[in-house]
Amino acid sequence: MPGAQRVRVPEASDFDYDDEVELASSLRANFMPAGMPLMPADDPVLKNYAMSYPSSLVSPMFSHLPSVKPEMLKEASEKAQTLRRKLLRGANVLIIQGGYSGKMFIYEKLKELGVSVTIMDGPDTVWRQAAEDGVIAGFCEIDFTDNATVLERAMETILGLEQKFDAVTTYFEDAVALAARIATALGLESNSVKACDQARNKRITRQVMRECGLPVPKFYKIDTADELDAACEEVGFPAILKPVFGAASMGVTKVLDADATKAAYKKIFATLDKETDAVWAQGTEMVLEEYYDGDEFDIDILLFEGEAVYAKISDNWACWEPWFQEVGTNCPSLYPESKQKELIQLAIDSTLVLGFKYGAFHVELKYTSRGPRLIEVNARMGGVSVYDCNKIAWGVDLVEEHMMAVLKIPIRPVIPEKPLAYFAETAINAPYSGVVTSETWLDGLLKDSRVKIVHYMAKKGSKVVGPEDGVPSWIGEIRVVDKESGDAACELIRGYMRDIADVPIAAAVPGTERGWYFPDSMHPFVKVLE
């Protein structure tokens with residue numbers, strides 16, 4: 001969902017440098033560049049580090065309270081959770097890349113829990129100031145300009161610190177691979193380098209799943225435009241063209257024939273710029289894969305020692321195809337229970353076959369005409385509203401549960417039999433291109449106490465893009481919490497948008513105007529039969 005879903009690359013005007021060369025170098029230092037991949041999992045350097053710092057199967061946190069035995073924590077109760085929080089206090093944790101500034105709440109929460117957090121990130125990120133402000137305990141600067149040497153330089157910095165760490169992790173997608181390598185090198189592995197790499201590469205994810213007998217789409221790896229004809233021949237249509245790396249549906253496009261595939265490839269490839277987004281540092285390979293029909297879902301999973309101790313579904317609202325820009329979500333799911341069970345099982349199976357054992361995972365799936373199918377496994381806590389919707393609906397704090405898990409403190413969250421409340425959110429897509437004409441068009445919603453957030457994402461006078469011209473612009477955000485009904489939470493949003501809210505956009509091309517996209521024919525606005 002929206003907000004600052006992706007970290008913004010700083011512009012020159014953000015800094016006061018006289019030397020343009022110095023500025024360019026400084027900016028590049030904050031983002032992982034393209035080029036050589038990170039050190040492979042079986043590299044002798046990693047093995048030598050790990051031998052010098054052997055890991056333990058028992059959390060070092062138990063030395064804080066030696067009378068607490070791990071068996072005491074393997075129950076879902078408030079008493080056990082209180083013990084876990086006591087163990088958590090005083091932990092020293094290294095976070096690799098803090099992410100965009102909207103993740104500040106994570107580190108505020110960890111400070112509240114008594115966790116001493118050091119963030120390793122680029123020189124011009126907000127986390128240096130966060131350390132100065134006391135939100136985190138420390139900040140380690142790392143220059144990401146040379147990806148080939150970043151692990152060795154990170155290790156040199158870490159080993160030079162007086163501070164010793166109990167765990168290494170990240171809450172940021174771009175840093176998953178590097179965090180896994182540093183954790184392994186320090187003997188603090190929670191999830192293996194191999195598992196993280198397999199999940200990060202969507203093509204390899206599908207290969208692993210296919211080898212393990214799990215359902216996968218037809219797919220074809222594309223390194224260059226010369227392979228597009230072969231890919232189209234193998235996969236057929238309709239299909240999805242998308243980058244192997246990436247997040248938040250970046251570059252994901254539905255294509256209906258070979259000509260559309262070639263045009264989409266050219267358009268997507270032009271956007272894969274490491275200077276505007278760090279995620280493309282890991283590569284610009286794409287994949288063409290079979291298109292899945294059906295409804296889309298997110299499943300948030302917590303693992304400990306390879307066992308799923310929590311798995312709950314959020315419904316994703318229909319996207320404005322051919323784009324896959326997020327439109328809305330609600331939690332808990334309103335889908336039939338039998339289908340939810342199938343989705344949860346595939347999500348857990350997919351996460352485990354990739355080799356994961358500890359922490360929070362954000363898994364995306366569809367329920368198709370042939371049953372549940374995986375989109376991807378994200379080896380970190382979901383971004384933006386994911387934390388809020390799980391906390392509001394189920395009372396489960398993904399930030400603290402993930403931190404406990406990577407510290408090898410057994411987790412068993414207390415999960416209520418019935419939802420505590422019902423969460424719904426929309427990221428409103430511009431229905432056509434033009435100029436925004438109002439900054440008050442959602443204010444009428446604020447009269448309803450169930451509406452918790454109204455956020456204008458495009459100012460009056462801003463140019464916005466509709467689906468006919470590209471990925472639709474987000475122009476507003478609404479969050480609703482209803483104590484009694486998920487249907488009511490969703491309908492509050494849709495009803496207001498359908499019946500009250502005029503589109504506040506002066507069309508770039510007269511005659512292209514149309515209404516909001518909340519189709520009656522799509523879940524959750526249509527009831528799905530068992």
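If you read the sequence from its start, that first residue is 1, and numbering goes on from there.
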**Request:** Apply side chain to side chain contact (heavy atoms under 4.5 Å, CB included) to the pair Gln325 and Cys319, showing each step before the final yes or no.
**Result:** CA-CA 6 Å; Gln325 178 88 296; Cys319 298; over 6 Å; no
**Request:** Could you walk me through whether Asn92 and Lys164 pass the side chain to side chain contact (heavy atoms under 4.5 Å, CB included) test, one step at a time?
**Result:** CA-CA 7 Å; Asn92 294 307; Lys164 302 302 178 185; over 6 Å; no
**Request:** Take Val363 and Asn378 through the side chain to side chain contact (heavy atoms under 4.5 Å, CB included) test and state the conclusion after the steps.
**Result:** CA-CA 6 Å; Val363 185; Asn378 297 288; over 6 Å; no
**Message:** Please evaluate residues Asp300 and Tyr310 with respect to the criterion side chain to side chain donor-acceptor pair (under 3.5 Å), reporting the C-alpha separation (whole Å), side-chain torsions for both, the decisive distance (0.1 Å), and the verdict.
**Reply:** CA-CA 8 Å; Asp300 294 295; Tyr310 175 83; over 6 Å; no
**Request:** Please step through side chain to side chain contact (heavy atoms under 4.5 Å, CB included) for the pair Glu156 and Glu152, ending with a clear verdict.
**Result:** CA-CA 6 Å; Glu156 182 179 353; Glu152 291 95 325; over 6 Å; no
**Request:** Determine, stepwise, if the pair Asn330 / Trp317 fulfils side chain to side chain donor-acceptor pair (under 3.5 Å).
**Result:** CA-CA 8 Å; Asn330 59 273; Trp317 300 359; 2.8 Å; yes
**Message:** side chain to side chain donor-acceptor pair (under 3.5 Å) for Asp146 and Thr149? Distances and angles first, verdict last.
**Reply:** CA-CA 6 Å; Asp146 184 1; Thr149 64; 3.1 Å; yes
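By the ring-ring contact (aromatic ring centres under 6.0 Å, His included) test, Trp394 is found to be paired with no residue, residues two or more places apart in sequence or in another chain being considered. Take Arg89 and apply the side-chain contact (heavy atoms from CB on, under 4.5 Å) test, not counting sequence neighbours, and it matches no residue. Listed by chain and number, the residues in a ring-ring contact (aromatic ring centres under 6.0 Å, His included) with Tyr171 are His402 (sequence neighbours excluded). Asp166 meets the salt bridge (Lys or Arg N to Asp or Glu O under 4.0 Å) test with no other residue; sequence neighbours excluded. Every residue two or more places apart in sequence or in another chain was checked for a side-chain contact (heavy atoms from CB on, under 4.5 Å) with Lys111, and none qualifies. Applying the side chain to side chain donor-acceptor pair (under 3.5 Å) rule to Ser67 yields no partners; only residues at least two apart in sequence or on another chain are considered. Every residue two or more places apart in sequence or in another chain was checked for a salt bridge (Lys or Arg N to Asp or Glu O under 4.0 Å) with Asp443, and none qualifies. With sequence neighbours excluded, the residues that form a ring-ring contact (aromatic ring centres under 6.0 Å, His included) with Tyr387 are Phe105. Partners of Gln81 by side chain to side chain donor-acceptor pair (under 3.5 Å), not counting sequence neighbours, listed by chain and number: Arg84, Glu400, Glu401. With sequence neighbours left out, Glu141 forms a side chain to side chain donor-acceptor pair (under 3.5 Å) with Arg128. In this structure, the side chain to side chain donor-acceptor pair (under 3.5 Å) partners of Lys109, at least two apart in sequence or on a different chain, are Asp397.
A distance-only check finds no donor-acceptor pair linking the side chain of Ser462 to the backbone of Ala458 [under 3.5 Å]. For the pair Glu189 (side chain) and Ala183 (backbone), a donor-acceptor distance under 3.5 Å is absent. Although no hydrogens or angles enter the test, the distance criterion places a donor-acceptor pair under 3.5 Å between the side chain of Thr184 and the main chain of Ala180. Counting only distance, with no hydrogens or angles, the side chain of Ser385 and the backbone of Asp388 share no donor-acceptor pair below 3.5 Å. Side-chain N or O atoms of Glu477 include none that pairs as donor or acceptor with a backbone N or O of His455 at under 3.5 Å. Judged by distance alone, with hydrogens and angles left aside, the side-chain atoms of Arg153 form a donor-acceptor pair with the main-chain N or O of Asp143 at under 3.5 Å. Looking at Ser333, its side chain never comes within 3.5 Å of a backbone N or O of Asp315 through a donor-acceptor pair. A donor-acceptor contact shorter than 3.5 Å is absent between the side chain of Ser190 and the backbone of Tyr358. Judged purely by atom type and a 3.5 angstrom limit, Thr170 uses its side chain to pair as donor or acceptor with the backbone of Ile96. Between the side chain of Thr118 and the main chain of Leu94, no donor-acceptor pair closer than 3.5 Å is present.
Taking all atoms of both residues into account, the shortest heavy-atom contact from Ser350 to Met209 is OG-CE, 3.4 Å. Contact record, Gly122 with Phe144: N-CE1, 3.7 Å, taken as the closest heavy-atom pair. Of all heavy-atom pairs between Val135 and Met104, the closest is CG1-SD, 4.0 Å. The minimum heavy-atom distance between Pro524 and Leu334, with the atom names listed, is CB-CD1, 4.2 Å. Scanning all heavy atoms of the two residues, the minimum distance from Ala430 to Val465 falls at CB-O, 3.5 Å. Here the closest heavy-atom approach between residue Ala427 and residue Trp474 is recorded as CB-NE1, 3.3 Å.
Put simply, the side chain of Leu445 reaches to within 4.5 Å of the side chain of Leu492, judged on heavy atoms. For the pair Lys202 and Lys242, the minimum side-chain heavy-atom distance is below 4.5 Å. Residues Ile478 and Ile453 form no side-chain contact, since every pair of their non-hydrogen atoms from C-beta on lies 4.5 Å or further apart. Inter-residue side-chain proximity for Glu326 and Asn316 is flagged as unmet; no heavy-atom pair is nearer than 4.5 Å. With a 4.5 Å cut-off on side-chain heavy atoms, Lys483 and Tyr422 do not count as touching. Side-chain contact between Ile313 and Ile344: present, with at least one pair of heavy atoms (C-beta onward) separated by less than 4.5 Å. Counting heavy atoms from C-beta outward, Phe172 and Ile119 have side chains that stay 4.5 Å or more apart. Between Leu442 and Tyr456 the shortest side-chain heavy-atom distance falls below 4.5 Å.
Rounded to the nearest 0.5 Å, atoms CD (Glu305) and NZ (Lys408) are 8.5 Å apart. Distance check, rounded to the nearest 0.5 Å: CD1 of Ile301 to OG1 of Thr351 gives 4.0 Å. Here the straight-line distance linking atom CG of Leu302 with atom CE of Met404 works out to 11.0 Å at 0.5 Å rounding. With values rounded to the nearest 0.5 angstrom, Leu186 atom CG is found 6.5 Å from Leu159 atom CG.
The pair Arg450-Asp482 meets the salt-bridge criterion, since a charged nitrogen lies less than 4.0 angstrom from a carboxylate oxygen. Ion pair Lys460/Glu439 not flagged as a salt bridge, since none of the NZ, NE, NH1 or NH2 atoms sits closer than 4.0 Å to an Asp/Glu carboxylate oxygen. No salt bridge links Lys366 with Glu296; every basic N to acidic carboxylate O contact stays at or beyond 4.0 Å.
No more than 12 heavy-atom neighbours from other residues, nucleotides or ligands sit within 6.0 angstrom of CD on Glu484. Atom NZ of Lys86 sits in a sparse spot, with 12 or fewer heavy atoms from other residues, nucleotides or ligands closer than 6.0 Å.
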Would you be so kind as to tabulate the donor-acceptor pairs closer than 3.5 Å made by side chains of residues 410-419, with sequence neighbours excluded?
from   : atom 1 : to     : atom 2 : distance (Å)
Arg412 : NH2    : Glu307 : OE1    : 3.3

